[in-house]
Amino acid sequence: MPELPEVETVCRTLRPYLCGRVIEDFELRWRRTLANDCQQAFEERVIGNSIADVTRRGKLVVLVLGSGDWITIHLRMTGELLFREDRSVARTPEREPYLRAIFALSHYAELDFYDTRKFGRITLVNKVELIRLGNELGLEPLSPTFTVDALAHILQRRRRLKSLLLDQTAIAGLGNIYVDESMFRAGTHPLRPANELQHAEIVRLHSAIIDVLTMAVESRGTTLRDYRSGLGEQGTNQERLLVYGKKQGSPCSVCGTPLERMTIGQRTTVYCPTCQPLYGSNQA
DNA sequence: CACTGAGCCTGCTAGC
DNA sequence: TGCTAGCAGGCTCAGT
C-alpha cells in the first residue's frame, strides 16, 4: 500500500510529464472517489487550469495548479496514478473496470486514476483549506525539520509507540510497512509507551526511520501487489523488508528468534521479541 | 486522552 | 474442484 516512498516515487515519475500541462477535461467513474462530492464545483475550478508542479505532503500526491489551488490525491490502499502520453491509444481492457477518474491533459495526454478497493480520494483544496491541511499533518520525516529533538517531542505522549508512529498528525507519511521496519531496526517493541523511550532509543529510532524511508525511495517503493509508479513500474523495496509480511514463527534475520505477529490498532504487526524487548534495552 | 470497533471496499487465499 | 469465510488496511467516526 502506498506510503511515503511510494507516493514520492509516483510524484517524481509524474512531475516531468505533468508540469505545464493544462487539464482539459475530467471524468469521474466512481462518485465517491471525489471527496467533497461536488463534481460540478470541482470541474469549474479545475478544467482549464494548468499543472504548475507535482509534489508530496505526507502520503498525499499534490497537483499544484496555476490558480494556486491544490488537487490532492490519496491513494490509500490500491490507488494508482498512471500517465498516458497518448490518450487516443486504447487502455488495457482488463484494468478498465477499476478506472475511477480520468484527467484529460493538453497535447493528447491523460492521467488515469485506478483504484480497485475504491478507498482512494481526490480532493480540491483551496488556499484557505491548504493552511489547515498543513497544520493537520505532522512532520515530514525526510525533511531537515525531522530532528532527534523533534522526534523526542512527538514521543512525549503516553501512547503505544506503533500507534503514535502511524498517526499522520504526528509524523506524515509512515504506514504499516515502514513503521514495523523502523521499529525493528531501532530495536523498540511496538507496544512500548512512547514516553518511556530512553534518549539512546530515540536516537536509534530517528535514524532507523530515515534509513528505512531513504532506502525505500532509492528502491522506488515496495510493490507487494498493486503499487506502481506513475509510469506503471514496480518497486523493488519488498526485497529489503526484514519483518513486514513475514509469517509468525519465521526466523529473525538478525538473531534467528521466531518472529511474532500481533494486532495493534487493527493492524497486523510483526516484530522480533528478542531484538525488540518490551521493557527497553539498557544497552548504550 | 487512549484505545476499540465498525464501516468503507474488493481480490485473493486458506481451508473445508 | 468449487465454494466461502476471513484477511489485507488507511482513515474517520462513534463509543468506552
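Just so it is clear, the structure is predicted and the values come from calculations on it, not from any experiment. Chain letters run A, B, ... following the sequence lines, proteins first, then strands; residues in each count from 1.
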Inset, instruction - Answer yes or no: does a side-chain N or O of A:His74 lie under 4.0 Å from OP1 or OP2 of C:dG10? - result: no
Inset, instruction - Could you state the atom-to-atom distance from CD of A:Gln168 to C1' of C:dC13 in whole Å? - result: 17 Å
Inset, instruction - Flag the pair A:His74 / A:Phe119 as yes when their ring centroid distance falls below 6.0 Å, and as no otherwise. - result: no
Legend entry - DNA chain B: 5'-proximal contact among A:Thr116 and A:Arg158 (nearest heavy atom): A:Arg158
Inset, instruction - Verify whether one side chain among A:Tyr178 and A:Glu6 offers a donor that lies under 3.5 Å from an acceptor in the other. - result: yes
Inset, instruction - Examine B:dC9: is either OP1 or OP2 under 4.0 Å from a nitrogen or oxygen in the side chain of A:Tyr98? Give yes or no. - result: no
Inset, instruction - Describe the nucleic acid contact of A:Arg261 in one word from base, sugar-phosphate, nothing, applying a heavy-atom distance below 4.0 Å. - result: sugar-phosphate
Inset, instruction - Starting from C1' on B:dC8, measure out to CZ on A:Arg100 and report it in whole angstrom. - result: 13 Å
Inset, instruction - Tell me what A:Thr268 touches on the nucleic acid: a base, only sugar-phosphate, or nothing, going by heavy atoms under 4.0 Å. - result: sugar-phosphate
Legend entry - Who pairs with C:dT16 - Watson-Crick or G-U, where each distance is under 3.5 Å: B:dA2
Inset, instruction - Could you check which of B:dC9, C:dC11, B:dA2 has an atom nearest any side-chain atom of A:Arg159? - result: B:dA2
Legend entry - Whole angstrom value for the distance that separates P of C:dC11 from CG of A:Asp115: 13 Å
Legend entry - Partner of A:Glu43 under side chain to side chain donor-acceptor pair (under 3.5 Å), chosen from A:Arg45, A:Gln40, A:Gln39: A:Gln39
Legend entry - Atom pair distance, as rounded to whole Å: CE in A:Met1 and C1' in B:dC9: 15 Å
Inset, instruction - Could you tell me whether the phosphate oxygens of B:dA2, OP1 or OP2, come under 4.0 Å of any side-chain nitrogen or oxygen in A:Arg157? - result: yes
Inset, instruction - With A:Arg95 as the cation and A:Tyr114 as the aromatic partner, state whether NZ or CZ is under 6.0 Å from the six-membered ring centre and within 45° of the axis. - result: yes
Legend entry - Exceeds 12 heavy-atom contacts within 6.0 angstrom, atom CZ of A:Phe26: yes
Inset, instruction - For A:Arg267, report the nucleic acid contact type (base, sugar-phosphate, nothing); a contact means any heavy atom under 4.0 Å. - result: base
Legend entry - Any A:Lys118 side-chain N or O less than 4.0 Å from OP1/OP2 of B:dC8: no
Legend entry - Nucleotide C:dG10, atom P - distance to CG of A:Asp180 in whole Å: 10 Å
Legend entry - d(CD, A:Glu80; P, B:dG11) in whole Å: 14 Å
Inset, instruction - Remember a base hit wins even if backbone is also touched, and classify A:Arg160 as base, sugar-phosphate or nothing at under 4.0 Å, heavy atoms. - result: sugar-phosphate
Legend entry - Rounded distance in Å - CG (A:Asn176) to P (C:dC11): 11 Å
Inset, instruction - Could you tell me whether A:Tyr114 contacts a base, only the sugar-phosphate backbone, or nothing, with contacts defined as non-hydrogen atoms closer than 4.0 Å? - result: nothing
Legend entry - Side chain to side chain, A:Gln234 and A:Tyr227, heavy atoms closer than 4.5 Å: no
Inset, instruction - May I have the distance from A:Arg192 (atom CZ) to B:dA2 (atom P), rounded to whole angstrom? - result: 17 Å
Inset, instruction - Looking at every strand, decide which applies to A:Met77 at a 4.0 Å heavy-atom threshold: base, sugar-phosphate, or nothing. - result: base
Legend entry - Distance test, side-chain N/O of A:Arg32 to OP1/OP2 of B:dC9, below 4.0 Å: yes
Legend entry - Under-3.5 Å donor-acceptor pair between A:Gln266 side chain and B:dA6 base: yes
Inset, instruction - Between A:Phe119 and A:Arg225, name the one whose nearest nucleotide on DNA chain B is closer to the 5' end. - result: A:Phe119
